[in-house]
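Right, one structure below, let's go through it.
Labels below follow one simple rule: chain letters A, B, ... track the order of the sequence lines, proteins then strands, and each chain is numbered from 1. Any value given below was found using the heavy atoms of this structure, including those in side chains, with hydrogens, waters and symmetry copies removed.
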Amino acid sequence: MLDLRETTSDLDAVRAALGRRGFTDDALFAELASLAEKRREVIQARESLQQERNEASQAMGRIADKKSAEFQEKREALKGLGERVKGLEAEARDVEARLGALMLSLPNLPHESTPEGLDESANVVLRTVGDKPELGFEAKDHVALAEGLGLLDLERARKISGARFVVLRGMGARLERALAQLMLDVHVDAHGYDEVSVPSLVKDASLLGTSQLPKFEDDLFKIARHEALEAVQDGDERGPDLYLIPTGEVPVTNLHADEILDAASLPLGYVARTQCFRSEAGSYGKDTRGMIRVHEFQKVELVRFVHPEEALEEHALLVAHAEAILQRLGLHYRAVELCAGDLGFGAHKCIDLEVWLPGQQAYREISSCSWFGDFQARRMKARFRPASDAAAKGSGGKKKPKPQLLHTINGSGLAVGRTLVALLEQYQREDGSVALPEALQPYVGGRTELTP
RNA sequence: GGAGAGCUGGCCGAGCGGUCGAAGGCGUCUGAUUCGAAAUCAGAUGUACUCGUGAGGGUACCGUGGGUUCGAAUCCCACGCUCUCCGCCA
């Protein structure tokens, strides 16, 4: 969420910044401006009436004899004041709720370094690492390879769960496990992240915090609990209130919701392997084959909580951490800076890592590393207290600095399933066997290749 | 599934219609003491909104929403969340 005061005090700047990402809605901005003004008026009216009520009631309290005629008289005189206060309170709440809903619907402002452009064609390739493997034969795709090697059983996945689910077997299952473990080990031991193991089901408030809700409910799987179901059947408005996480970002980022952290504890870095669930509504016909786009997959997620002044460098650092995995595995990939129009809803700046898939002759996203500025932190109320700095010391002031919103950064490090796909496709041999990179070998019992 | 308890400031925890933004403790900060530190003593220490150039003023917040009342952290109702015990279960 954007800051209300900053947004309304310079609405044109916000409109221009959001315009960069193709977000234009004049009616919305007009309503925002008028609601913001209305809000001030109502707040002022409410507060002055509250003050009147408080002063009168306190005067009542000071009258010793509650049975006196004076007391009775004053009480009569005050009847109705409370009602008027309540009326204004309700009005203020209504205005603030409408304004809040509008603010929640605004995406984040792109960072100044974010390239111009309205769709992915304007994304900028920052660097390409490694080379496309020269196979010398026609590349098979991961489905053909995996089925040839007995790693993948899509038919049975369909039987037990339906389309867009995957069953891995034998070395397929083991490779998934090995990859996740390699990733976790590198991030913990080499990059200094704290490993956490977190729930796959979260409350709506958590999804609101990381900005999957309220706008992207259709992308999520909801869990209907019995009580909640009954409430719905009884005509109650309340819906199910637990969701399957679409990414580890949600539970991990919300670890510090509603907290005020010590400045000295920053930056904080967490890594988690989680199951991820996506409804993939609206992606009919896209990537229907194999394990590129499925309802359930594993991902190793990196999340950093950082000081705003260090955020830009911290973002680059997280990208480097994710890249390190690709490099250890010897996978050819490129880093792409998303243009303003391709940014995710909450992102301030975003760099995608795209791995080369010979079977598709295309680069495919394997990690998306976003810097959210204070967009998520404001929704989550995740703050830190700055260290008392030299300025305060010099002036002899002993005021504690005010809490300030953190910046959040996250990215996959990496999507496990897609890493497996890339591995198979890039290391494939003409006979359908697949070599295994050295870094992975200790995790698969020393095996150096997969053979049919 | 059954029974019960609770939700108060950075944390713990008292309060149970007006004098309560809220005792006390812990933590933190400042000062005294010290060669320095620990210990001790004294003082300070919530968040947000709003008015004001400023100094400063006002308002809200004791899980959330509603009700009773001149007045609610305190009473009533609903909801949410957390916890405990029993049952079931990885």
For nucleotides 15-18 of chain B, print each protein N/O atom paired with a nucleotide N/O atom at under 3.5 Å, atom names and distance only.
| from | atom 1 | to | atom 2 | distance (Å) |
| --- | --- | --- | --- | --- |
| B:rG18 | N2 | A:Ser57 | O | 2.9 |

Pairs of donor and acceptor atoms involving the side chains of residues 441-449 of chain A, under 3.5 Å and at least two apart or interchain, shall be tabulated with distances.
| from | atom 1 | to | atom 2 | distance (Å) |
| --- | --- | --- | --- | --- |
| A:Gln441 | NE2 | A:Leu436 | O | 2.9 |
| A:Tyr443 | OH | A:Asp185 | OD2 | 2.6 |
| A:Arg447 | NH1 | A:Val444 | O | 3.0 |
| A:Glu449 | OE1 | A:Arg429 | NH1 | 2.6 |
| A:Glu449 | OE1 | A:Arg429 | NH2 | 3.2 |

Roughly how far apart, to the nearest Å, are B:rG43 and B:rA60 at atom P?
30 Å
Can you give me every donor-acceptor pair (side chain of residues 80-89 of chain A, partner residue at least two apart or in another chain, under 3.5 Å) with its distance?
| from | atom 1 | to | atom 2 | distance (Å) |
| --- | --- | --- | --- | --- |
| A:Glu89 | OE2 | A:Gln50 | NE2 | 3.0 |

Have A:Thr247 and A:Lys299 got a donor and an acceptor in their side chains that come within less than 3.5 Å?
yes
Which pairs, protein N/O on one side and nucleotides 76-78 of chain B N/O on the other, fall under 3.5 Å?
none

In a table with atom names and distances, give each donor-acceptor pair under 3.5 Å that connects a side chain of residues 30-43 of chain A to protein atoms at least two apart or in another chain.
| from | atom 1 | to | atom 2 | distance (Å) |
| --- | --- | --- | --- | --- |
| A:Ser34 | OG | A:Glu31 | O | 3.3 |
| A:Lys38 | NZ | A:Glu91 | OE2 | 3.3 |
| A:Arg39 | NE | A:Glu96 | OE2 | 2.9 |

B:rG24 and B:rU45, which share atom name P, separated by this distance in whole Å
13 Å
Could you state the atom-to-atom distance from CD of A:Gln50 to P of B:rC51 in whole Å?
15 Å
Answer yes or no: does a side-chain N or O of A:Arg93 lie under 4.0 Å from OP1 or OP2 of B:rA60?
no
Expressed as a whole number of Å, how far does the C1' atom of B:rU74 sit from that of B:rC26?
26 Å
Any base atoms under 4.0 Å from A:Arg53, or only sugar-phosphate, or nothing? Heavy atoms, all strands.
sugar-phosphate
Sorted by chain and number, sequence neighbours left out, side-chain contact (heavy atoms from CB on, under 4.5 Å) with A:Glu314 holds for A:Pro267, A:Arg304, A:Val306, A:Glu310, A:Leu317, A:Ile409
